[in-house]
Amino acid sequence: MTEKTQSTHQDAEVHVVKPPVYLAIFFALLVLTALTTGISFIDLGVFNAVIALAIACLKASLVVLFFMHIHYSSRLLKLTVAAGLFTFMLLISLTMTDYISRAWGMF
Amino acid sequence: MSHISPVLWEFLVHWLKNFAIFPPEASTIAPYADALYFALVGMTVTGLALVMTMVLVFSIRYRKERHPEAVQIEGSTLLEATWTLIPLGIFLVFFVWGALLYFRVFNPPPNSMNIYVVGKQWMWKVEHQGGQHEINALHIPTGVPIQVTLISQDVFHSFSIPAFRVKREAIPGRYTTVYFEATTPGKYHLFCTQYCGTNHSAMIGWVYVMTPADYSAWEAGNTSGASLAQNGERLFASVGCNACHNGSATARGPNLANVYNTRIRLTDGSTAIANEAYLREAILAPSMHVPAGYAQIMPTYQGQISEDGLIDLVEYIKSLDSNYRIQQMLNKSQISSAQASTEGKTVPAQGAAKP
Amino acid sequence: MSTIVSLPDQSTAKLPAKSYLNQEYGLKSWLLTGDHKRIAMLYLFSITFFFVIGGVLAGLIRLELLTPPADLMATDTYNKVFSMHGIIMIFLFLVPSVPATIGNFLIPLMVGARDLAFPKINLLSWYLYMGGGLLVLATMVLGGVDTGWTFTTPLSTHYLNTHVVTAAMGIFLAGFSSIFTGLNFIVTIHRMRCPGMTWFRLPLFVWGHYATSIIMILGTPVLAITLVLVALERTMNIGVFDPSKGGDPLLFQHLFWFYSHPAVYIMILPGMAVISEVISTFSRKRVFGYTAVAFSSVAIAVFGFLVWEHHMFIMGVSQYSALVFSLLTMLVAVPSAIKIFNWSMTLYKGSITFETPMLYAFGFIGLFTIGGLTGIFLATLGMDVHLTETYFIVAHFHFVMVGGMLMAYLAGVHFWWPKMTGRMYPEAISKTAAVITFIGFIVTFFPQFILGYLGMPRRYAAYPADFQVLNVFSTAGASILGIGYLLPMLYLPWSLKYGEIAGDNPWQATGLEWQIQSPPLTENFSEIPIMDHEAYDYEWLANKTHHEVQTVG
Amino acid sequence: MDSPSIATTPHELGSSGLPHAHDHPAFMRHHFEDIGQQREAASFGMWVFLLTEIMFFGGLFCAYLIFRNWYHPAFVAGSNTLDITLGTTNTAVLIGSSFTMAMAVYSAEMRRKGQLVLFLVLTILLGGVFLGIKAVEYHQKYVDHHIPGMNFSIQEFVHPTNPKAIPLAPDMAEKTQLYFFLYFAMTGMHALHMIIGIGLLLFMVARASRGAYTAGHVIPVENFGLYWHFVDIVWIFLFPLLYLISRYR
Ligand code: HEA
Ligand code: HEA
Ligand code: CUA
Ligand SMILES: [Cu+2]
């Protein structure tokens with residue numbers, strides 16, 4: 001029984017993330033927040049949205065990777081996160097095929 | 001059997017009279033749809049026969065009594081590929097075939113005759129160009145391509161004529177279109193097929209397909225006196241559109257003559273084609289597309305003009321367009337020419353009808 | 001056609017002294033249990049209860065449709081009846097049918113675990129289900145809801161004054177129950193497999209449920225938020241789905257079908273999972289093309305998320321987008337075909353016997369093929385224009401859901417009945433029931449295809465007289481079908497007391513669940529097993545020198 | 001629990017060199033083989049649950065995307081009524097609470113009871129501040145008659161009091177109601193998650209102070225951490241979508 005637990009569950013290793021990492025991420029997030037707010041005061045046309053969302057994605061990735069430990073986790077958990085994002089994108093993008101092309105030929 | 005039991009006899013006769021297994025084919029679309037249908041039935045029968053043969057033959061051949069010891073077989077990549085690719089190929093053929101038919105049904109030819117249909121709980125209101133109004137009935141001539149422009153006043157409805165094999169949802173807030181060309185005079189079912197509340201099943205009516213001659217006669221006898229465009233003109237004045245759209249150079253609104261079906265440049269730099277949907281939206285939500293050079297001052301008429309009124313207005317604005325007027329004339333002559341071509345073989349109006 | 005495979009010493013078999021059924025006594029021990037097998041039993045009872053209600057409503061539908069006018073009930077009553085029929089059958093019966101009962105019972109056994117990963121969440125899921133069920137029943141008692149099971153906006157949000165919100169909340173709860181079931185399965189299958197149980201040694205039953213769970217956890221939340229929006233829109237008079245306020249009714253359709261199309265695969269994949277087990281066992285052969293069948297389940301689950309718009313082809317979606325979705329729908333049909341052919345080939349050179357589960361499985365293959373191929377009619381754009389919203393669709397989905405999934409469910413219940421209860425069902429009468437069901441089914445639903453092509457719209461309380469003959473057939477068939485379903489509801493409980501004692505492995509099947517006593521112990525395995533052979537390895541079974549069955553007491 | 005064979009550092013915990021299954025600690029559920037399996041199952045289960053949460057918010061994001069494209073002027077007008085200072089502050093507060101939560105997980109892993117309780121309480125406080133600020137914002141909307149379905153008025157958009165704002169046509173101004181509905185639905189759903197989270201945190205503080213999580217059983221804290229960070233991520237997206245990206249036409 002012992003040897004099999006090791007074979008199936010050897011990736012159970014738990015990585016303890018140290019406070020300096022958390023602190024660094026925390027400050028990075030604060031800086032990014034300040035940055036995104038600052039940029040929003042400049043009128044950049046569509047780029048306002050693009051930049052703000054890019055920064056949001058960056059922040060979210062930092063949270064997922066470090067606060068939520070995905071950076072240190074097994075491949076299964078990485079895949080799980082990817083699957084969630086993928087399905088979310090499916091919902092948005094395939095719905096958009098309708099909305100974008102609905103008015104084709106009219107505009 | 002009639003002397004054994006008259007009741008039973010009556011019953012049987014009644015039944016057989018009411019027994020149909022195939023709907024009448026009464027439009028130019030119908031043969032296309034039926035061909036596709038039979039091809040699909042063919043595929044189903046073949047596929048089912050294949051599977052059932054395998055199951056039956058193996059069950060008999062390899063039942064325990066005849067074949068006590070099973071032979072273990074892992075699988076076969078070749079077979080897997082076969083039954084992946086062949087069904088896929090067949091399905092793709094139907095995809096293409098079906099798509100062609102779909103585009104045919106939903107993209108009316110430009111010279112078609114336009115009839116408006118407004119769905120509301122629980123009736124169909126039909127408006128012909130000439131101002132003929134009908135409820136739960138639709139009179140049309142044979143041999144003329146017809147575009148039905150649908151809209152709903154409340155919830156989703158669905159305008160279905162099985163004998164034509166066409167159907168289209170009437171949705172609130174947006175025009176949809178469907179196209180057909182009737183071939184056989186007669187009286188056919190008209191259904192609302194989208195569930196729309198309590199009396200959904202009562203939202204039914206008849207489609208009367210007539211020879212062009214009969215149709216012209218019907219048209220003349222049923223007109224309310226004013227065409228849609230004329231009604232629209234009256235409305236245009238009474239709700240005050242002409243205060244701004246009077247065509248003069250100093251008018252606050254753009255001149256609406258000849259805007260129909262032209263490409264309009266908007267303030268945000270994009271362009272839009274002024275089709276029926278655009279015109280309707282321009283009245284209800286004027287700020288959605290502001291033509292370049294105009295201030296956004298037109299008030300919204302949301303909730304103030306009924307769908308019928310909007311149709312009248314749209315038709316009026318269309319009628320200000322000279323190309324469109326010419327088209328209308330051509331349509332008229334089309335009906336009479338269709339009449340000429342079918343003259344010889346006029347079918348009695350109830351020919352293919354089912355009571 | 002002799003009955004059972006060489007039964008191992010059936011005469012001397014006796015019920016084990018200790019099992020999950022008699023471990024503890026009393027209502028409380030059931031209502032607070034964490035044991036997946038007991039929860040499965042709770043589900044079995046509650047699901048059957050809702051099936052009977054749904055079935056009686058179906059009977060009412062068919063009685064009303066016997067004659068053209070709306071004479072048995074008023075149209076709005078009819079509308080409520082079919083809406084409740086659809087809601088109950090789908091959300092309270094078919095979605096949890098195989099997964100929450102048979103799946104719940106078997107997945108831990110099949111992967112060699114003592115229980116599902118989260119027993120308390122499993123119990124919570126049953127309570128959520130019951131909560132949802134009670135809300136739906138409350139809706140019915142309060143006066144019903146007449147939206148249809150599809151809740152089409154703006155009808156459901158602004159034009160009805162029935163109990164839409166109550167029903168929506170009932171479905172919301174039932175949805176979370178299904179999310180938790182899926183979550184439990186996924187974690188169990190990933191994390192609780194016994195030593196040696198690699199992915200490709202898992203029975204196909206487990207693969208099917210894995211695929212189902214993916215859909216449950218990714219699709220159901222979208223339904224949940226959609227129903228919340230419907231409820232908010234109704235109570236607060238907002239207009240997200242109402243065009244007169246600037247909203248878009250099609251957005252509702254997109255969100256609803258984003259769940260509800262994948263949900264139809266929630267309603268078939270577990271059935272397919274059952275069929276794999278049954279066909280393999282009674283032809284005494286490994287399933288032909290194991291990997292192909294396993295991957296096709298996952299392919300169905302993934303592709304199933306890409307096709308929802310085929311329910312909206314004529315609803316005013318963009319034609320180009322319809323094109324894309326029609327194409328994708330054609331693709332998703334292929335994995336189902338792969339499965340059907342692999343099952344048929346499994347019979348080749350087998351050693352086939354025809355027990356009741358096998359009869360149901362044959363019924364499944366035939367009826368699902370018809371149902372699936374008529375799905376292709378609907379996926380074909382131009383054909384869908386004529387067929388959509390007619391009885392053709394009603395026939396299509398009853399073929400796949402009733403002819404497919406319900407048959408598979410019955411196959412599964414019969415197949416694992418000995419494992420669940422320790423006793424056999426009566427063989428002769430159950431075979432009769434299977435045949436009656438099959439005949440009744442064909443007579444009920446086949447005429448509906450013809451009706452559909454004739455153009456008879458669905459959800460009609462009254463219809464033109466042209467359609468009567470076929471409707472009479474359909475109603476007659478439904479009565480036969482009702483008998484077919486009534487029989488198991490009678491003889492299965494009967495067999496609890498009078499059935500033959502089954503023994504551990506009455507079918508001589510290879511799954512881990514058959515290598516332990518029936519009914520199993522609460523902790524399933526006294527010692528966690530070690531898997532040292534492939535799934536469906538009948539040679540391994542034959543070569544097993546001694547019976548390694550673990551009976552305690 | 002005091003058995004010496006139990007891993008003393010969290011690092012060893014998962015690797016389960018347990019010689020015998022019966023040595024398992026009290027918090028181990030008996031249907032698991034070992035503590036490593038239990039831990040993995042728990043965190044995987046939590047992640048799977050978070051997937052459902054992503055899709056739950058997905059429907060709202062979808063609606064937002066569509067209506068923003070259709071009624072851009074209305075969204076601009078609506079967005080400009082939000083207080084960007086409060087929004088930014090709230091973002092910072094929530095990020096702070098995520099940080100304290102991460103530290104709480106760390107404390108539990110290091111088995112420091114006092115520190116764990118401290119960070120949990122800090123998380124509660126920051127979460128409370130967030131909700132407080134949110135309440136202020138909601139109240140402002142109430143005062144301004146911007147709550148759809150309750151007291152909505154388009155006056156402010158048709159005849160803006162702010163001289164810099166571009167007045168909207170009445171028909172477009174009606175559409176601001178959609179913006180505000182989405183605003184309330186999204187932030188409300190988010191706030192609901194926060195409230196549930198704070199409830200759980202209170203419960204955990206009570207248990208933590210009795211030492212429940214500092215004896216090796218860190219799973220609940222870790223899983224709650226995942227939940228809390230997820231809620232944070234939702235806000236990270238809501239903030240730009242609602243406050244920032246629709247400020248200019
Ligand atoms: C268990 C449930 C279930 C299943 C599995 C399916 C499976 C399929 N369904 Fe069905 N469907 C429903 C339940 C289901 N459906 C329901 C409930 C509705 C109506 C909802 C409502 O409006 O109320 C519906 C409606 C529906 C529509 C919408 C119709 C409309 O509203 O206009 C469409 C359109 O594409 C469709 C298509 C399909 C297809 C292509 C499949 C495919 O997955 C089928 C794949 C299977 C096969 C193809 C059979 C096996 C193939 C072979 C054996 C190969 C044969 C050999 C050769 C061809 C060589 N279905
Ligand atoms: C799992 C799903 C499921 C199941 C099992 C069934 C089972 C049956 N359904 Fe249902 N049906 C749906 C799902 C299902 N249905 C859905 C989703 C809809 C669409 C709803 C909508 O439009 O919104 C629908 C709609 C629907 C319609 C169309 C209504 C309309 O559009 O106007 C019809 C009509 O014939 C029908 C008939 C039947 C029949 C005869 C059965 C039979 O198979 C049932 C047989 C079972 C029994 C009869 C119960 C068991 C027997 C007893 C307990 C004995 C006692 C019973 C009596 C004395 C009656 N169903
Ligand atoms: Cu109108 Cu159904
Ligand atoms: Cu579908």
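The sequence lines fix the lettering, A, B, ..., with proteins before strands; numbering per chain opens at 1. The structure displayed is predicted, hence computed values, not measured ones.
- For A/Ile39, no part lies under 4.5 angstrom from a heavy atom of chain D.
- Within the 4.5 Å cutoff, side-chain heavy atoms of D/Leu50 are placed close to those of A/Met68.
- Considering only heavy atoms from C-beta on, A/Leu76 stays 4.5 Å or farther from D/Trp47 through its side chain.
- The closest side-chain heavy-atom distance from A/Phe67 to D/Trp228 is not below 4.5 Å.
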Item to complete: Please assess D/Leu65 against A/Tyr99 for the test side chain to side chain contact (heavy atoms under 4.5 Å, CB included), listing each intermediate value before the final yes or no.
Response: CA-CA 10 Å; D/Leu65 190 58; A/Tyr99 285 91; over 6 Å; no
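- Under the 4.5 Å side-chain criterion, counting only non-hydrogen atoms from C-beta, A/Asp43 is not in contact with D/Arg247.
- Chain D forms the most heavy-atom pairs under 4.5 Å with one residue out of A/Val46, A/Val64, A/Thr80, A/Ile92, and that residue is A/Thr80.
- In this structure, chain D has no heavy atom under 4.5 Å from any part of A/Phe66.
- Taking A/Ile25, A/Thr36, A/Leu32, A/Ile51 one by one and counting their heavy-atom pairs under 4.5 Å with chain D, the maximum is reached by A/Thr36.
- D/Ser43 and A/Leu77 make their closest contact through OG-CD1, 4.2 Å (heavy atoms, listed as atom of the first residue, atom of the second, distance).
- Here CZ of A/Phe88 is found 8.0 Å from SG of D/Cys62. Values are rounded to the nearest 0.5 Å.
- For the atom pair A/Leu29 CG and D/Ile236 CD1, the distance stands at 5.5 Å (nearest 0.5 Å).
- For the set D/Ile233, D/Ile95, D/Ile84, the entry with the most heavy-atom pairs within less than 4.5 Å of chain A is D/Ile95.
- Looking at A/Leu90, there are no atoms closer than 4.5 Å to chain D (heavy atoms on both sides), in backbone or side chain.
- Annotation: side chain of A/Val17 is not in contact with side chain of D/Tyr106 (no heavy-atom distance under 4.5 Å).
- To the nearest 0.5 Å, the span separating CD1 on D/Ile54 from OG1 on A/Thr87 amounts to 8.0 Å.
- With a threshold of 4.5 angstrom between heavy atoms, D/Phe230 approaches chain A through its backbone and through its side chain.
- The shortest distance between side-chain heavy atoms of D/Leu241 and A/Leu53 falls below 4.5 Å.
- The choice from A/Ala34, A/Gly45, A/Ala49 that makes the most heavy-atom pairs within less than 4.5 Å of chain D is A/Ala49.
- For D/Leu226, the parts lying near chain A are the backbone and the side chain together; criterion is any non-hydrogen pair under 4.5 Å.
- Distance check, rounded to the nearest 0.5 Å: CG of D/Leu244 to OG1 of A/Thr33 gives 10.0 Å.
- Relative orientation of the D/Phe99 and A/Phe26 rings is parallel, given thresholds of 30° and 60° on the angle between their planes.
- Heavy-atom distances place no part of D/Val234 under 4.5 Å from chain A, backbone and side chain included.
- In this structure the side chain of A/Thr37 never reaches within 4.5 angstrom of the side chain of D/Tyr243, judged on heavy atoms.
- The two residues A/Gly84 and D/Met55 make their nearest non-hydrogen contact at O-SD, 4.4 Å.
- Counting heavy-atom pairs closer than 4.5 Å to chain A, the top residue among D/Gly225, D/Ser98, D/Ala92 is D/Ser98.
- In terms of heavy-atom proximity, A/Ser40 sits nearest to D/Tyr248 at O-OH, 2.8 Å.
- Side-chain contact check for A/Lys59 versus D/Asp232: every heavy-atom pair is 4.5 Å or farther apart.
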